[in-house]
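The block underneath contains the structure these notes are about, expressed in structure tokens.
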There are 4 protein chains.
Amino acid sequence: MVSNTAAKRALPQRARKDEDKEARRRFILDEALKLYESTSYGDVKMADVAERAALAKGTVFLYFPTKEALFLTLLEDLLFAWFAKLEGLLAQDAGEWTGPRMARTVAESLEGEESLTRLLTLLQTVLEQNVTVEQVRRFKERLLEAQLRLGATVEARLPFLRPGEGPRFLVHLHVLVTGLRQMADVAPVTREVLALPHMAPLKVDFTAELTATLVILLRGLEAR
Amino acid sequence: MVSNTAAKRALPQRARKDEDKEARRRFILDEALKLYESTSYGDVKMADVAERAALAKGTVFLYFPTKEALFLTLLEDLLFAWFAKLEGLLAQDAGEWTGPRMARTVAESLEGEESLTRLLTLLQTVLEQNVTVEQVRRFKERLLEAQLRLGATVEARLPFLRPGEGPRFLVHLHVLVTGLRQMADVAPVTREVLALPHMAPLKVDFTAELTATLVILLRGLEAR
Amino acid sequence: MVSNTAAKRALPQRARKDEDKEARRRFILDEALKLYESTSYGDVKMADVAERAALAKGTVFLYFPTKEALFLTLLEDLLFAWFAKLEGLLAQDAGEWTGPRMARTVAESLEGEESLTRLLTLLQTVLEQNVTVEQVRRFKERLLEAQLRLGATVEARLPFLRPGEGPRFLVHLHVLVTGLRQMADVAPVTREVLALPHMAPLKVDFTAELTATLVILLRGLEAR
Amino acid sequence: MVSNTAAKRALPQRARKDEDKEARRRFILDEALKLYESTSYGDVKMADVAERAALAKGTVFLYFPTKEALFLTLLEDLLFAWFAKLEGLLAQDAGEWTGPRMARTVAESLEGEESLTRLLTLLQTVLEQNVTVEQVRRFKERLLEAQLRLGATVEARLPFLRPGEGPRFLVHLHVLVTGLRQMADVAPVTREVLALPHMAPLKVDFTAELTATLVILLRGLEAR
DNA sequence: AATGAATGAGGGTTCATTCAT
DNA sequence: CATGAATGAACCCTCATTCAT
């Protein structure tokens with residue numbers, strides 16, 4: 001989660017201390033998230049974010065050099081928060097797990113994370129476009145590390161996985177999430193068309209489909 | 001393939017016969033495709049398409065009511081052409097196939113189809129946005145039918161598939177293609193970052209990864 | 001009225017005889033009028049007129065060189081038809097009239113002539129813009145003549161009018177009609193505003209206001 | 001008058017104080033007016049206004065949300081300035097006036113106010129189209145109030161007017177101005193036609209005709 | 001650090017009219 | 001005469017970002 005009680009405390013008009021600056025930064029992210037939840041990336045205007053954060057337009061740019069940078073940071077926050085959450089779920093039971101249980105755990109951990117998965121969809125297409133190498137590098141660096149750590153945990157829970165297949169599984173997961181989220185979020189016109197009874201086979205339910213696919217995938221890894 | 005020798009024959013200044021109109025239509029699509037191949041959707045301007053097709057700006061709109069309609073049609077053409085191609089590949093050997101062979105065949109049939117896979121990525125996000133219900137409906141109708149037919153062929157080749165798993169497999173394929181294409185096409189900044197040696201695990205090769213994942217997926221289906 | 005039973009008879013596909021051409025011409029005008037009645041000048045497209053007349057777009061331009069020419073002709077037809085109607089009304093009773101009676105007769109003769117009065121509003125602003133000198137000349141020539149004739153009749157009915165004041169009265173009438181029609185046809189937003197109770201003084205009822213003003217005007221002429 | 005010496009003072013690059021913003025606003029209006037004086041509404045592009053005001057295109061939209069809003073404001077300024085001017089003229093001699101004197105005073109006060117009268121012509125047709133209810137409401141509110149106040153003054157000067165006929169007279173004036181301005185501003189082609197000697201009766205001189213009509217109108221009110 | 005005024009590039013689409021067929 | 005495909009000019013407004021204050 002991005003939100004943070006510190007951010008809710010009244011901030012001084014000018015954030016002089018690093019601590020205040022960090023709080024303001026997080027507050028901006030929170031407001032951006034709220035906006036994003038109810039619309040699309042394109043519909044969230046930087047001016048709206050500023051207004052909701054009770055700041056001037058220019059001030060937002062003191063904290064985030066570009067709109068993409070802001071949302072990449074937001075994605076980062078949400079993503080690593082989710083990593084931690086999943087880590088927690090996997091830590092609860094250090095015993096041996098089955099593929100289906102892992103599939104379910106992972107898929108369900110993504111329920112309610114619509115903002116995260118929607119942002120993931122924009123990652124290479126939009127968010128990494130207008131951003132500094134430094135930010136991308138830091139992001140990828142953290143991603144790599146998380147992938148290794150979390151991958152290791154997954155491997156520990158699923159003994160049939162060979163070394164390196166834990167991280168690999170997470171890549172597959174990323175692919176599936178990106179693809180499924182896009183298929184699940186259809187345009188209004190499309191929704192109308194898919195409402196026709198015989199169109200049912202083209203409808204996609206994000207969590208159900210993700211679970212099912214992960215189950216098969218893990219079974220495929222176990223089978224070998 | 002969209003391109004078509006008929007389109008290359010000199011067209012009369014005014015396409016009055018249906019045949020000529022169809023040729024011009026395809027010609028416009030061809031030119032749009034060429035433009036799209038070397039840039040992005042956003043960078044292709046309708047004015048450019050018109051210019052390349054040696055037509056006035058307004059003329060393009062005589063054939064396609066909106067930019068999205070044009071590109072959705074293009075995607076449609078490429079997609080169903082690829083369906084036919086795959087159908088052909090699967091027809092060559094009516095015997096029994098293995099999962100890995102199917103995976104390879106499918107993944108390789110998508111090599112060189114970068115425009116198709118990139119457009120697939122825009123399907124719900126962009127192309128189905130500014131388009132009539134009718135066009136979407138016709139598209140989905142055709143898609144449904146192709147999915148069933150091609151799915152049946154896949155089922156026929158892979159005896160371990162249960163009824164309905166052929167079409168299902170194609171949905172998974174769609175998801176994977178969408179997800180992988182997006183991960184494989186990285187922004188310039190990102191390319192730079194991923195060029196660092198230790199970043200290798202984050203790099204994704206479209207065909208290789210697609211093949212590998214399909215292999216696992218099919219093994220998972222067979223294992224049951 | 002523009003409409004004409006001859007126009008309703010089925011026309012041959014090609015109008016070769018002058019008679020047929022004239023019928024087709026009137027038919028086009030009729031259809032344009034129907035369209036104009038339910039929308040605004042800007043919203044009537046030449047393509048719509050052609051379609052309603054079951055003709056090709058280009059064909060309409062064989063009969064009217066420009067959109068303005070078409071509507072100027074339409075206005076002409078409606079205007080001179082109304083002149084005739086008014087002439088008729090004034091002819092019914094060749095005795096002496098009062099100002100108020102004249103005012104009422106004139107104003108009421110314009111009820112239901114909304115298309116005419118609305119077009120009158122466009123006369124110099126729009127219709128006389130993209131039209132040949134010849135058409136304008138013919139129009140003004142006819143107008144002049146009608147003004148003199150009808151003006152004479154008015155003078156005959158209202159003995160208190162001095163020579164030349166009949167035509168003059170018609171000019172005033174033209175001015176009032178143009179001004180009032182514009183004030184009476186308010187934009188949707190304005191309608192909303194004028195719906196407020198205290199805004200009543202700003203609301204204008206075309207016929208009522210026209211009658212009242214003409215009464216005063218004629219009294220002013222009589223008073224002298 | 002819109003122009004204002006304050007606007008001529010050099011403005012800081014950024015108008016931060018309300019006073020400066022108001023000055024810039026007026027400056028934009030002034031430049032729009034100059035443009036409008038030498039062409040037509042349709043020929044004045046927002047881009048031109050910006051250029052003449054030495055501002056970026058977008059900046060103009062910071063001050064006026066739409067082109068219509070800008071010109072409605074311009075009309076408002078001109079109109080209420082004229083109201084004040086007329087009020088002044090009527091105040092100079094608090095004695096008793098005659099109808100003809102009032103007619104002349106009013107008509108002459110409109111000489112040189114061509115922009116005002118031309119804009120008045122566009123009021124309901126164009127200006128009130130793409131504008132918020134709020135702006136229209138404020139405009140009508142002011143109009144109502146001015147009509148009442150100025151109407152009262154008129155009534156005071158012309159004792160033969162009954163209560164309420166002052167404001168009423170102003171409505172008539174509005175109607176006449178709108179109608180006459182339109183008849184007086186003829187298209188080039190029309191001017192050519194009306195130049196023919198025998199066409200003289202169709203020519204309209206704005207001020208002369210307005211005076212004459214007002215004289216008659218007032219005489220009509222007095223006569224009763 | 002904060003503000004918010006200023007910037008300015010960017011682009012699909014309509015439709016009266018023309019003209020090849 | 002009729003057709004209808006082709007033309008192409010014309011244009012307001014948004015909004016991320018900058019920078020004077």
Side-chain angles (χ1 to χ4, degrees), chain A residues 12-17 20-21 24 42-51 55-70 130, chain B residues 11-17 20-21 24 42-50 54-68 70 130, chain C residues 12-16 20-21 24 42 44-51 55-70 130, chain D residues 11-17 20-21 24 42-43 45-50 54-68 130:
Chain A
Q13 258 209 347
R14 293 203 171 202
R16 291 172 199 282
K17 286 175 290 184
D20 289 345
K21 288 208 264 188
R24 177 152 292 177
D43 284 342
V44 178
K45 315 286 176 237
M46 289 300 268
D48 299 341
V49 175
E51 195 189 21
L55 292 171
K57 238 180 310 178
T59 309
V60 175
F61 284 88
L62 293 177
Y63 290 86
F64 301 96
T66 63
K67 184 182 180 184
E68 289 83 0
L70 191 163
N130 195 11
Chain B
L11 273 170
Q13 217 176 99
R14 310 227 160 170
R16 297 191 69 104
K17 284 176 292 185
D20 289 345
K21 290 208 275 192
R24 175 146 294 172
D43 284 342
V44 178
K45 319 267 174 270
M46 289 301 266
D48 299 341
V49 175
L55 292 169
K57 231 184 307 182
T59 308
V60 175
F61 285 89
L62 242 43
Y63 289 86
F64 302 96
T66 62
K67 185 182 178 185
E68 289 83 1
L70 192 162
N130 193 14
Chain C
Q13 258 209 347
R14 293 200 170 203
R16 289 170 201 282
D20 289 346
K21 289 206 267 189
R24 175 152 293 175
V44 178
K45 315 287 175 234
M46 289 302 267
D48 298 341
V49 174
E51 196 189 21
L55 293 171
K57 236 182 308 178
T59 309
V60 175
F61 284 88
L62 293 177
Y63 291 85
F64 301 96
T66 64
K67 185 182 179 184
E68 288 83 0
L70 192 163
N130 194 11
Chain D
L11 273 169
Q13 218 175 98
R14 310 227 160 173
R16 298 192 67 105
K17 284 176 292 185
D20 289 344
K21 290 208 275 189
R24 176 146 294 173
D43 284 342
K45 318 269 173 269
M46 288 301 266
D48 299 342
V49 175
L55 292 170
K57 234 184 304 183
T59 309
V60 176
F61 286 90
L62 241 44
Y63 289 85
F64 303 96
T66 61
K67 185 182 178 184
E68 287 83 1
N130 194 15

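Only a predicted model underlies this, so the values are computations on that prediction, with no experimental measurement involved. In what follows, chains are A, B, ... by sequence order, proteins preceding strands, each numbered from 1.
In this structure, the nucleotide among dA16(F), dG12(E), dC13(F) sitting nearest to the side chain of Lys67(D) is dC13(F). Taking the side chain of Thr59(D) as heavy atoms from C-beta on, and the options dA5(F), dA6(E), dA16(F), the nearest nucleotide is dA6(E). The Leu55(B) side chain lies nearest to dT7(F) when the options are dT3(E), dA6(E), dT7(F). Side-chain atoms of Lys21(A) lie closest to dA1(E) of the nucleotides dG12(E), dA1(E), dT3(E). Comparing atom distances between the Thr66(A) side chain and each of dT13(E), dT17(F), dT17(E) picks out dT17(F) as nearest.
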> Can you check side chain to side chain contact (heavy atoms under 4.5 Å, CB included) on Met46(B) and Leu70(B), steps first, answer last?
Replying inline: CA-CA 10 Å; Met46(B) 289 301 266; Leu70(B) 192 162; 3.9 Å; yes
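Rounded to the nearest 0.5 angstrom, Arg24(A) CZ and Leu55(A) CG are separated by 5.0 Å. One distance of note links CZ of Phe64(A) with CG of Leu62(A); it measures 11.0 Å at 0.5 Å rounding.
Between Lys45(C) and Leu62(D), the one whose closest nucleotide on DNA chain E sits nearer the 5' end is Leu62(D). Comparing Arg16(D) and Phe61(A) by the nucleotide of DNA chain F that holds the closest heavy atom to each, the one mapping nearer the 5' end is Phe61(A). Mapping Val44(A) and Gly58(C) onto DNA chain F by nearest heavy atom places Gly58(C) at the nucleotide closer to the 5' end. Place Ala47(C) and Val60(D) on DNA chain E by their nearest nucleotides, and Val60(D) ends up nearer the 5' end.
A donor and an acceptor atom never sit less than 3.5 Å apart when one is taken from the side chain of Arg14(B) and the other from the base of dA20(E).
With rounding to whole Å, Leu70(A) atom CG is found 17 Å from dC15(F) atom P.
Taking both residues in full, the closest heavy atoms of Ala50(D) and Ala56(D) are given as CB-O, 3.8 Å, listed atom of the first, atom of the second, then distance. Minimum heavy-atom separation, Phe61(A) to Pro65(A): CD2-O, 3.4 Å.
Residue Lys57(C) is classed as a base contact, given a heavy-atom separation below 4.0 Å to a base. Using a 4.0 Å heavy-atom distance criterion, Tyr63(D) is classed as a sugar-phosphate-only contact. At a threshold of 4.0 angstrom between heavy atoms, the contacts of Asn130(D) are confined to the sugar-phosphate backbone, with no base atom among them.
Not a single donor-acceptor pair under 3.5 Å links the side chain of Lys67(D) to the backbone N or O of Asn130(D).
Listed by first residue number, the stems of DNA chain F with at least three Watson-Crick or G-U pairs below 3.5 Å are E:2-21 with F:2-21.
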